[in-house]
Each structure stands twice: as C-alpha cells, then as structure tokens.
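Here's the structure, in structure tokens; my notes come after.
Predicted, not measured: the structure shown is a model, and the values here were computed from it.
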Amino acid sequence: MRAIAAVAAVVCAVLAPVVLAADEVPFRLQADELFVSSDQSTVQAQGSVVVELEGVTVSADRLDLHRDADVGWRFSAAGDVEVSIEGELSLAGDGLSAVLDADAESTFARSLEVETFGGESRFVNSVGEAHTIYFRGETGRVAFDEQGKATLIEVEDAEVTTCSCCGVPLRSQPYTLRARRLRLYPDRLIVVYGLTARIAGVPFFWLPVYAQPLEETLESPLFPAVGRSALRGWYLKWNVPFFVSESLYGSVLLDYFTAFDEIGAGVLMRYGFAEHRGRFRVYHFPAKVGDSVFELSASHSLPPGEVWSGSGNLTYRVEGEQTEIDYGAQASATRDAWEIRVSAERELETQEKDEEEDALERITERRPEISISRAPWHRGSLSLEPRVELGRYREATGEEPAVEALRASASIGLRTEERTIAGVSLTPSLDLQGTLYRATDFEQGRGMLRAKLRALWRNVRAEYDLVLVQGASPFTFDAAAAVHHIGWDVTSHAWGTLTISSGVALDTWALDPLRAQLSWSNWANWTLSSEYSVADATLDSVRLDGICVRDALSLTWSIPYRPAERRLDTVRVTANAEQERFTIELDALVDEGVLKVDTDLGAALPFGPLTFGGGVHFSDLAVTSVSLFAELLTASGWGGDVEWTHRGGTPSFADVRYGLFKDVGECLRVGIDREATDTWLYLSVLAFPEAIIRYAPATSRIQTGE
C-alpha cells in the first residue's frame with residue numbers, strides 16, 4: 001500500500017504531458033481521453049488509463065485529480081483498478097483514493113483508501129522456498145506522517161491464504177485466515193481483531209484479538225499447546241493475547257496440569273508512554289510436586305531525548321532453592337560537551353580451566369557507578385580530556401570471599417596532534433589517574449601514569465609504552481601492572497604482504513618473540529605465519545592457513561607445525577560442496593598422528609514423479625549412519641514416502657519410517673506416518689514448515705512445529 005501512495009504522489013505520462021503550474025507539481029499519464037480545467041485545478045482521464053512509475057504500474061477505467069485549497073490534492077481511480085509493484089505484489093480493486101501534499105520538492109500521500117480489493121504477493125519461507133500469498137479485503141486505509149511515511153495500515157474484513165485451487169472463491173480455499181479488522185503499525189506491531197481460521201470455508205478456531213510485534217517475538221503462539229507430561233499428566237498451555245492500545249498489549253500466561261490440578265499463571269506486557277518503551281513479565285507456578293517456579297523480568301528504554309537517554313533490564317528467577325538474578329541499567333546525558341553517565345550492572349565472567357578443574361566464575365557488580373567526562377579542551381595542538389568516576393563495587397571470584405568497596409577515581413588525558421620531524425610522524429599521549437578504595441575493613445589508593453609515543457616512518461611503525469603504578473587495586477577488573485616497552489613492526493607490499501613485528505621490555509630487557517606473517521593470493525588466499533623466540537633462539541611455530549572458494553565449493557585449511565618438537569600440531573581441513581542434487585561436507589583433523597574425519601554425503605535424484613535420495617555420515621572413516629528415502633508424488637496430489645535410517649547395530653524394521661499423504665490445493669498436506677512404534681496423523685501447511693500438528697492416537701501424544 002505504501003507503493004500505491006508513491007504512485008499517487010507523482011504520476012508520469014506517455015501520451016499527454018500536463019504541467020500544473022500553481023505548485024509546480026508534474027502529473028503525467030496515458031489515457032484515451034484527457035481533460036484539464038482552465039485553472040489547472042482539475043484533471044480527468046478516461047479509458048485505458050495507465051500510470052507508470054519506476055517499477056510500479058497502475059491501470060484503471062477513470063482517474064480524477066482535484067486540487068483543494070484547504071486539503072491539498074485529491075487523487076482517485078475507479079473501475080477495474082490494478083496495481084503491480086515490481087512484479088512482487090499485485091492488487092486489484094474497485095477504487096482507490098488518496099489525499100496528497102505537494103511542495104516545490106516532492107509530493108506525498110497524507111492518507112490513502114482502497115475499496116474491495118484483492119491481490120497476491122511472493123515471499124520466501126524459512127527453508128528458502130518461494131511461495132505466493134493471496135489476500136482480499138473490503139476496505140483498506142493508510143495514514144502517513146508529515147514526511148510521507150506510513151504510520152498505520154488498517155484493513156476491514158481481511159482474508160489471506162497460500163491456496164489458489166479448485167476453482168472456488170478465496171474464502172472457500174482449503175484453508176484461510178480471516179480477520180474482522182487488521183491494524184498494522186509498520187516495523188512495530190500487527191493487531192488482528194476477530195481472527196477466524198477456516199478449513200474449506202468452515203470455521204474451526206477463533207480468537208477475539210491477537211497482537212504480534214514485528215521486530216521481536218511475542219510469547220503468544222496462535223494456538224494453545226496440548227500434550228502429556230510423564231510427571232504431571234495432561235497439560236494445556238496458552239498465552240492468551242490482549243490489546244488495549246498500540247502502547248499497551250501483551251498476553252496472559254496460563255498453564256494447567258491435570259495430574260495434581262496444578263495451575264501456573266502470569267502476564268507478559270509491553271508498554272509505551274511519552275516515547276518510553278518497556279517490557280514486563282511475571283510468572284508463578286506453585287508446584288504441588290517438585291520445585292515451584294517464580295520468574296520476573298523487566299526492561300525499559302528512555303526516549304532518545306536531546307539530553308538524557310538510556311535503558312535497563314532485570315531478570316530474577318527462583319526454582320526451588322536455586323535463585324538467579326541478573327541486571328543492567330545505564331542512563332547518560334550530554335550538554336555543552338559534558339557527559340554524565342549512571343550505570344548499574346552485574347557481569348559474569350567465566351574462565352576456562354584444565355579438564356580436571358571446573359571453570360572459574362567471576363561476578364562483578366556496579367551498584368551503581370557515576371562518571372562525568374568532558375570532550376577534549378583544545379589549546380593549539382594540545383588537547384585535555386578529564387574524567388571522574390564514583391561507584392560502589394562488589395567482586396566475587398569462585399569460592400573466595402567477595403570484595404566490596406567504594407571506588408573513586410579521577411583521570412586526565414593529554415594529547416597532541418601528529419607532528420612530523422625529519423620525515424618521522426610522531427603522536428605522543430599522556431594519561432594520569434588517581435584512585436581511592438574504601439571499605440569497612442580497609443582503605444587504599446593507587447596512582448598510575450601512562451605515557452605513549454607512536455612513530456611512523458615509511459613502512460616502519462614503532463610504539464613506546466610506559467606505565468608506572470604506585471599502590472594496587474583490590475579488584476581484578478581494574479588491576480594494573482607496570483610496563484616499560486617498545487614494540488615495532490615492518491610491512492612490505494610486493495608479491496604479497498609481509499609483516500614482521502617484535503619488541504623489547506626495557507625494564508627487564510626481555511625480547512618479545514619475533515613474528516612474521518606473509519599473505520598472498522593466486523588460486524586461493526594463503527597466510528603463512530611464524531613465531532621465533534629470540535631469547536631461546538628457537539623457532540616455536542609455523543602455520544599455513546588458506547581458503548579457496550570456487551562456485552559451489554569452499555575449502556579451508558590450517559596446518560600448524562612445531563619445529564622444536566619436529567611434529568605437526570592439530571591439522572584441520574574443511575570442505576563443503578553443494579550442487580542442486582548433491583551435497584558434501586567434510587571436516588578432517590589430524591591430531592598426534594591420529595586422523596579424525598567427519599563426512600556427510602547427501603543426494604536427491606528426481607525421476608518424474610519419483611524422487612530417490614539418501615545420506616551417509618562417516619566418522620573416523622567408519623560409517624556411523626546411513627539413510628535412504630524415496631518419495632512419490634502424483635499429479636492428483638496423492639503420494640507416499642519411505643525412509644530408512646541406520647545408526648549402527650543390527651538393522652531392524654524399526655529403522656524404517658513410511659507414510660501416505662494427500663496434498664490439497666498445493667498448500668495443505670494431510671497424511672499418516674509410521675515411525676518406530678508410533679503411528680502419527682498430521683496436517684501441515686506446505687508454505688510454512690513450522691505450521692504442522694501431529695497426533696499419535698495410541699499414546700495420545702501431540703506435537704506441533706517443524
């Protein structure tokens with residue numbers, strides 16, 4: 001509909017170019033008959049009216065344009081109105097009308113209405129298949145803001161489906177979704193009132209209202225979940241949606257288990273006011289058997305104002321005796337080059353250990369921290385940047401006692417512009433920081449100075465780094481150590497790109513490893529890197545990496561070598577080839593002389609109505625699984641499939657899955673499957689792999705989803 005508004009905005013002509021002088025807005029169109037009033041305030045076109053605009057075509061029997069001094073331009077088309085938008089979307093209706101605003105630079109729609117329309121559009125589903133969706137509506141309305149952007153699309157008596165067969169009207173197709181009213185807030189939210197799901201025109205499911213955000217997934221599935229739990233018996237889970245306004249909507253969460261008459265309840269709500277946005281969720285399940293559950297989560301974002309902006313979130317969960325909490329919030333304001341920032345957060349850092357040891361967890365909490373900083377003051381080539389921080393911190397590492405203290409810090413940074421002396425570009429900087437830590441049982445301070453000088457001469461770079469530290473921090477997150485170091489690298493671009501780098505610690509005169517890296521391309525992209533220990537006079541490592549992509553084939557490799565041990569380290573090669581009918585995936589490792597290979601081969605070969613295929617998985621050059629399948633699909637929609645999967649052991653009939661199905665209108669599939677010891681009845685929408693429901697009569701199990 002937005003494209004229709006664009007058509008209404010500027011109309012191009014082929015036969016009769018007409019320029020409306022008053023507002024200098026050009027309208028060009030093609031028609032059998034054309035009338036323009038003497039004051040150029042009214043334009044009428046009749047007979048085979050065609051409007052073309054950059055991939056958009058509109059045709060109608062009649063077109064009227066009228067300029068209203070109070071409202072602006074009124075645009076209307078009547079009689080077999082058809083719209084085609086870049087070949088992807090087509091509409092047909094009885095009439096189209098719009099109100100246009102025009103100025104010297106542009107013309108855009110203020111509002112637009114369509115009467116008794118229908119159409120179709122192409123889309124690609126989650127597995128990459130192209131399908132067509134068909135729709136109709138009695139009336140459609142679009143509202144626009146002052147920049148001509150659609151803010152609300154509203155349709156009365158809307159109906160959609162992916163079926164188009166059997167020579168019957170849209171509402172009698174194998175399945176349709178009908179809405180008494182549909183409201184779309186572009187890029188934000190879709191709301192449906194009076195949603196009815198139909199099969200062959202017969203209603204089988206109804207919802208009074210349904211709301212779905214477009215950017216995030218609302219926990220409101222269209223249908224309730226029904227199933228059986230081994231512990232709690234049959235269950236019904238449903239998030240019942242509600243909608244008050246575009247700024248307040250959500251779901252009521254209801255779970256019921258029959259075995260012990262257990263009921264879980266909660267609410268999920270999204271809200272907005274004065275450009276604030278937020279989400280709130282609370283849920284409680286008072287289990288009679290097992291652990292009770294309580295969950296609370298909330299998030300809020302401030303409006304992007306001229307001064308303050310920010311956001312925050314909180315997650316709290318209690319299951320039995322286990323409690324989990326996570327939070328984070330920040331707000332900042334900027335005025336006259338000054339910035340103030342307030343933040344409170346909980347950070348979890350996990351450090352991996354050896355296989356015999358558990359991972360070490362470190363939790364750092366700011367509760368809260370306030371920082372004030374200013375954009376650099378400039379005085380000639382010198383700039384000065386101050387910063388002050390104040391906050392209360394708590395740090396807990398593993399089983400060690402937690403450290404909690406007040407932290408106050410002040411720092412100043414000095415910078416100068418790049419200077420060139422004797423062909424060498426120099427960039428110096430200096431940072432000074434003082435920090436005070438105070439707790440109930442200790443008080444300590446730390447001072448730190450950091451001086452840095454970067455130099456560049458032709459293709460040689462060097463960096464001098466000096467860090468002086470007086471005192472220490474009780475926390476790990478802001479620990480600092482003394483540094484006195486010079487690092488350098490040389491880069492050459494010729495046949496390839498060669499970079500050599502190293503450095504020296506001036507306080508201990510310990511030399512950094514000498515590193516070299518050579519990159520080049522011919523039929524592949526290659527990188528050869530090495531590391532040489534100057535202190536030990538040994539070559540520590542050499543590694544060759546590469547990647548090659550050719551059409552449907554991609555190949556990557558990494559070959560590390562340990563010269564001191566005269567052996568290859570773990571060598572890895574991965575390959576992937578994908579054709580229309582064949583796929584190959586290979587992942588090979590050579591570790592300490594042992595080859596480990598995982599390979600997947602797949603194929604699908606069509607022979608008329610029959611398709612044969614299968615796959616083989618190899619692990620360490622041994623077959624770990626084999627699958628074969630065959631599918632028959634007749635022109636009448638009847639079909640069958642059989643699949644055999646073997647994962648080791650003695651082959652058995654239980655490894656075979658087979659079934660019969662019927663495709664209805666090339667949009668629905670109804671079938672029966674036999675898998676292991678279960679027989680399943682299922683119904684699926686072909687255009688949406690996720691839209692499937694399966695039922696096993698013998699065990700009363702129900703499954704939904706892909």
- Please test Y464 against H484 for ring-ring contact (aromatic ring centres under 6.0 Å, His included), starting from the C-alpha separation and ending with a verdict. CA-CA 8 Å; Y464 172 77; H484 195 197; 5.4 Å; yes
- Could you tell me whether the side chain of Q444 and the main chain of G471 form a donor-acceptor pair under 3.5 Å? no
- Query: Relative to each other, are the rings of Y235 and F257 parallel, tilted or perpendicular (30° and 60° limits)?
  - Reply: tilted
- May I ask you to check whether over 12 heavy atoms, not counting those of D441, lie within 6.0 Å of atom CG? yes
- Does any N or O in the side chain of E531 come within less than 3.5 Å of the main-chain N or O of P513, such that one atom is a donor and the other an acceptor? no
- Measure the acute angle between the ring planes of H276 and F273, then classify it against the limits of 30° and 60° as parallel, tilted or perpendicular. parallel
- Which of these passes side chain to side chain contact (heavy atoms under 4.5 Å, CB included) with V504: V534, L511, D512? L511
- Taking the side chain as every heavy atom from C-beta outward, state whether V469 and R446 have any pair of such atoms under 4.5 Å apart. yes
- Query: Does any N or O in the side chain of D598 come within less than 3.5 Å of the main-chain N or O of D587, such that one atom is a donor and the other an acceptor?
  - Reply: no
- Message: Set out, in order, the CA-CA distance, both residues' side-chain angles and the distance that settles side-chain contact (heavy atoms from CB on, under 4.5 Å) for R407 and D478, then state yes or no.
- Response: CA-CA 11 Å; R407 175 181 180 272; D478 70 339; 3.0 Å; yes
- Message: Please report the interatomic distance CZ(R543) to OG(S530), rounded to the nearest 0.5 Å.
- Response: 10.5 Å
- Message: Test of understanding: with side-chain hydrogen bond (donor to acceptor under 3.5 Å, both in side chains), list the residues that count as partners of S529, not counting sequence neighbours.
- Response: none
- Item | Of T491, L518, N459, the residue whose pairing with T499 passes side chain to side chain contact (heavy atoms under 4.5 Å, CB included) | T491
- Message: Please tell me whether H300 and Y271 form a close aromatic pair, meaning their ring centres lie under 6.0 Å apart.
- Response: yes
